[in-house]
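In what follows, a single structure is set out as structure tokens and then discussed.
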Amino acid sequence: MRTRQLIHGTVCALLLVPTMAIACGPDSASTHIGTLSGVDSTGGTFSIVDAETRQNLTFHAAPELIETLDGASGMLSVRYEMNGDALTAIDVRQ
């Protein structure tokens, strides 16, 4: 019985390794996940509280992207690019 559980656990772990490697790849370095904390449509920015660091992060975004956040709440996944010291959102998903 214990041998069967050990084999099952090992197989499951080996199946998860490629998934974890993808999550830690270069694309994950340009993604923040957090709770929407504010939208400034006139300034073209929005802010989230990062789920990992609990810091407030502000992103610049195109007007079309800002419009999609109207009425949004909860957790967001934000793909971004660095422009100097500024974060520019290129995609937002709920």
Side-chain angles (χ1 to χ4, degrees):
M1 178 90 172
R2 285 198 179 271
T3 304
R4 178 177 257 167
Q5 288 175 335
L6 180 61
I7 291 171
H8 179 71
T10 303
V11 168
C12 288
L14 290 173
L15 290 173
L16 290 175
V17 169
T19 305
M20 293 182 330
I22 291 169
C24 296
D27 287 338
S28 67
S30 61
T31 301
H32 279 291
I33 297 173
T35 305
L36 183 64
S37 61
V39 178
D40 177 7
S41 57
T42 58
T45 63
F46 68 94
S47 299
I48 65 169
V49 176
D50 186 76
E52 185 176 340
T53 64
R54 301 284 186 225
Q55 291 183 340
N56 196 41
L57 301 173
T58 300
F59 298 87
H60 296 273
E64 304 81 40
L65 194 60
I66 295 288
E67 287 176 17
T68 65
L69 298 173
D70 187 30
S73 62
M75 296 294 281
L76 300 176
S77 174
V78 182
R79 281 193 26 223
Y80 67 93
E81 295 176 341
M82 292 293 298
N83 291 326
D85 291 335
L87 303 172
T88 302
I90 55 176
D91 186 42
V92 177
R93 297 188 183 189
Q94 276 191 310

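We're numbering straight along the sequence, starting at 1. From a predicted model like this one, the values you see are computed outputs, not experimental measurements.
Of the inter-residue distances, the one linking Ile66 atom CD1 with Glu64 atom CD reads 10.0 Å to the nearest 0.5 angstrom. To the nearest 0.5 angstrom, Thr88 atom OG1 is 11.0 Å from Tyr80 atom OH. If you take OG1 on Thr45 and CZ on Phe59, they are separated by 11.0 Å, rounding to the nearest 0.5 Å. Taken to the nearest 0.5 Å, the CG atom of Leu76 stands 10.0 Å off from the CD1 atom of Ile33. Summarising the geometry, atom NE2 belonging to His32 is positioned 9.0 Å from atom CD belonging to Gln55; distances are rounded to the nearest 0.5 Å.
Met82 is connected to Ile48 through a chain of hydrophobic side-chain contacts under 4.5 Å among Ile, Leu, Val, Met, Phe, Trp and Tyr, so both are in one cluster.
Tested against Asp50 for a side chain to side chain contact (heavy atoms under 4.5 Å, CB included), the candidates Leu57, Thr35, Asn56 yield a single pass: Leu57. For the side chain to side chain contact (heavy atoms under 4.5 Å, CB included) criterion with Leu65, the lone passing option out of Val78, Ile90, Val92 is Val92.
Sparse packing is recorded around CG of Asp70, with 12 or fewer heavy atoms of other residues, nucleotides or ligands lying under 6.0 Å away.
Between Thr42 and Asp40, the shortest heavy-atom distance links the atoms OG1-OD1, 2.9 Å. The minimum heavy-atom distance between Val49 and Ser37, with the atom names listed, is CG2-CB, 4.0 Å.
Distance alone, capped at 3.5 Å, places no donor-acceptor pair between the Gln94 side chain and the Ser77 backbone.
At a cut-off of 3.5 Å, with distance as the only test, a side-chain donor of Ser47 or Thr58 sits close to an acceptor on the other residue.
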